[in-house]
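Below is one structure, written out as structure tokens; the observations come after it.
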Amino acid sequence: MVWLIIILFCLGNSSSQILDVTNNSHLDFDYRLFGLLQRLQVEKSYDTLLVYGEDCAIPSLFERLQVPAVLVSSGSTNFDWNFSSLTLILSCNFQDEREENYRTLMKLQTSRRLILLKGHIKPESVCDFYSKKEQHNVAMVKENFYQLEVVYSCRLFQDQNYEKLNLFDGKSIYKDQFRNMHGAPIRTLSDKEPPRTIPYIDSKTGEEKFKGYVGMLISQFVKKVNATMQIREDLIKDDEEVSFVDITNFTSNDILDIGICEARTLEMSNYDAISYPYLMSSYCFMAPLPDSLPFSDVYMAIVAPSILIMFLIIFCICSVLIIYIQERSYRSLTIRSVLMNDICLRGFLAQPFPFPRQYNRKLKLIFMLVCFSSLISTTMYTAYLQAFLWGPPIEPRLTSFDDVKKSRYTMAINIYEREFLEALNVSLEDVEIYDYGKFSKLRSTFNTNYLFPVTALQWFTINEEQKLFKYKIFYYCDAFCLNQFDILSIPLRRHLPYRDIFEEHMLLQKEFGLTKYWIDQSYRDMIRANLTTFKDFSPLLENDYIEVHNLYWVFTMYFVGMGMGLCFFILEILRPLRYWRNCKIKCEYCYAFLKNFAK
Ligand SMILES: *[C@@H]1O[C@H](CO)[C@@H](O)[C@H](O)[C@H]1NC(C)=O
Ligand SMILES: *[C@@H]1O[C@H](CO)[C@@H](O)[C@H](O)[C@H]1NC(C)=O
Ligand SMILES: *[C@@H]1O[C@H](CO)[C@@H](O)[C@H](O)[C@H]1NC(C)=O
Ligand SMILES: *[C@@H]1O[C@H](CO)[C@@H](O)[C@H](O)[C@H]1NC(C)=O
Ligand SMILES: *[C@@H]1O[C@H](CO)[C@@H](O)[C@H](O)[C@H]1NC(C)=O
Ligand SMILES: *[C@@H]1O[C@H](CO)[C@@H](O)[C@H](O)[C@H]1NC(C)=O
């Protein structure tokens, strides 16, 4: 830094020596102009020289300067030229520069301008002229500047609109005036949409202030450039909510300087009225976490038909083999004997069964198979049933707009998100459209019948809020989005003269991690500003415990089974009448015996 200053000092000295010499030796005008241009190069380098007018378009001058020069003798270019921000504009006469193309004007807005004054034009009127055009980086010299040693530089935030400087006293001619705006107003308005902007009343001054990562960005900027925030509440018509769309419209119509909100970027033909991208996120949906299977359906869910059929086939095969190996003939293979095989039936239900007295190896092998499959089936079903009753399986998450249509959820959007859905060719049939305020209110109630669009940044605070609930009820569903790549920019007036300072501020805040800090703090700030509550919106879990009616199918199967067993038992008792007859005879015999015995 010290070296740089010394070098600058030497250069400044040498150039002043050149000019000194010129005073005495009366060298021609272009040589002095060269000296001045060289000095400006030292002050802050420029990479293009844009010359308006003919009088000072001196080829030998540009040859020596070694900077590309663009000559615009007609005074205007009706073309969208892309000049760099390091362009120096040399105007050979006041009003030689008559640039019309507004995009070229925008690019040249902050460039330094040097104007050669001829005749009796007053610096005030020149500064006035340029400040009306919002070009504030203007300096001018009279034709005989090397004799007067005077340069005039326009100044904005003081009574006299220019400053008279000595060419040789080393002060820089141009000044970044907007770095200290001396309390000048910045017209602004906020849509008060948390978490981007969190309005609160300052307890000390009673003024309305803003927190949140957009609110803080702008209030810090206002503080940094020593300006004042002029909130244009008067632009809001009675009891109408002002939205970011209105604010973007205000800034693009030059009614506001900076909007404290997100700029509307959809359907914009150019991006002149918005800032450099501030933050990037995705614009997707918050969806209720999928429902879990009701307990009453668990029992049916685990009985998969394909597995049942497989078991039936294995059962039949085992049964046929057992009967065939025991009887060694096909004759005893009836449907009844196969399906109601006593051994297999008991075996597959993991009950003890009689082991025949004579058995061979084959039979033993089959019994082992029966035992094994009974073990597998009973453990499998028991494990399934117990696991699912403990934690029922949940339904799949939504993956597309078609899934939403088929599901029980309704999509709730605000009026501005309608354009997004239309652009995505999603039908608006089952979509509920609310206005800005109502939509935010509905979203903050965590109504699980709805699906709400949110950006990943907004989701951050919503997720913070639901972390305090008994359990979470929403998730951020990024499988289908309104916009996968959503850019948050700040609406700015097209010809904002301190746009570069604002954008530099914005990037610095981000670089230092302040933006991230504000995002992390946003939920806490919302609580402090009384914009949210600690209310737990998670509904009481209805199926948190198992009730008798939930086991409907289990009990039905049980009673059907018991009933069948009872029927078979009764039938079995009734069938062999001979047995009863025998029983009666035996009883009579007993009776007679007892009678005789009694005698
Ligand atoms: C300047 O850039 C714009 C796009 O940003 C382009 O349309 C235009 O043609 C460019 N001008 C020149 C002279 O290249
Ligand atoms: C330059 O010449 C003018 C008159 O032509 C004189 O007033 C001025 O003092 C001179 N400057 C220097 C530095 O000698
Ligand atoms: C900021 O602006 C005020 C006028 O509003 C002025 O009095 C003050 O000196 C300025 N601050 C700085 C650091 O220049
Ligand atoms: C933008 O503002 C102008 C007037 O300032 C109005 O005519 C126009 O309808 C507005 N556009 C939107 C989209 O609000
Ligand atoms: C939009 O969706 C409709 C059906 O909903 C379909 O017929 C049409 O082709 C789609 N358009 C485009 C551009 O995808
Ligand atoms: C917060 O807002 C509620 C209504 O939304 C109000 O009843 C309460 O008094 C407010 N609390 C404070 C500290 O402002």
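Every number for a ligand or one of its atoms is a count from 1 in the order of the listing. Computed from heavy atoms alone, side chains included, the values below leave out hydrogens, waters and symmetry copies.
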*Given the side-chain rings of Y200 and F210, with only the six-membered ring counted for Trp, is the space between their centroids under 6.0 Å?*
no
_Determine whether the aromatic ring centres of residues F485 and Y283 are separated by less than 6.0 angstrom._
no
*Could you tell me whether some N/O pair between R103 and ligand 1 is separated by less than 3.5 angstrom?*
no
*Quick check: does W81 get an N/O under 3.5 Å from an N/O on ligand 1?*
no
_For the backbone of R187 and the side chain of D257, can you confirm whether one donor and one acceptor N or O come within less than 3.5 Å of each other?_
yes
Can you list every pair where an N/O of ligand 3 is under 3.5 Å from an N/O on the protein?
| unit_1 | atom_1 | unit_2 | atom_2 | d |
| --- | --- | --- | --- | --- |
| ligand 3 | 2 (O) | N226 | OD1 | 3.2 |
| ligand 3 | 2 (O) | N226 | ND2 | 2.5 |
| ligand 3 | 11 (N) | N226 | ND2 | 2.7 |
| ligand 3 | 14 (O) | N180 | ND2 | 2.6 |

*Which disulfide (SG to SG under 2.5 Å) pairs, counting each pair once, include a residue from residues 170-245, with sequence neighbours left out?*
none
*Go through the structure and list residues passing salt bridge (Lys or Arg N to Asp or Glu O under 4.0 Å) with E233, not counting sequence neighbours.*
K192
*asked:* Could you check whether atom CZ of R524 has more than 12 heavy atoms from other residues, nucleotides or ligands sitting under 6.0 Å from it?
replied: no
*With S275, which residues qualify under side chain to side chain contact (heavy atoms under 4.5 Å, CB included), at least two apart?*
S489, I490, L492, F502, E503, M506
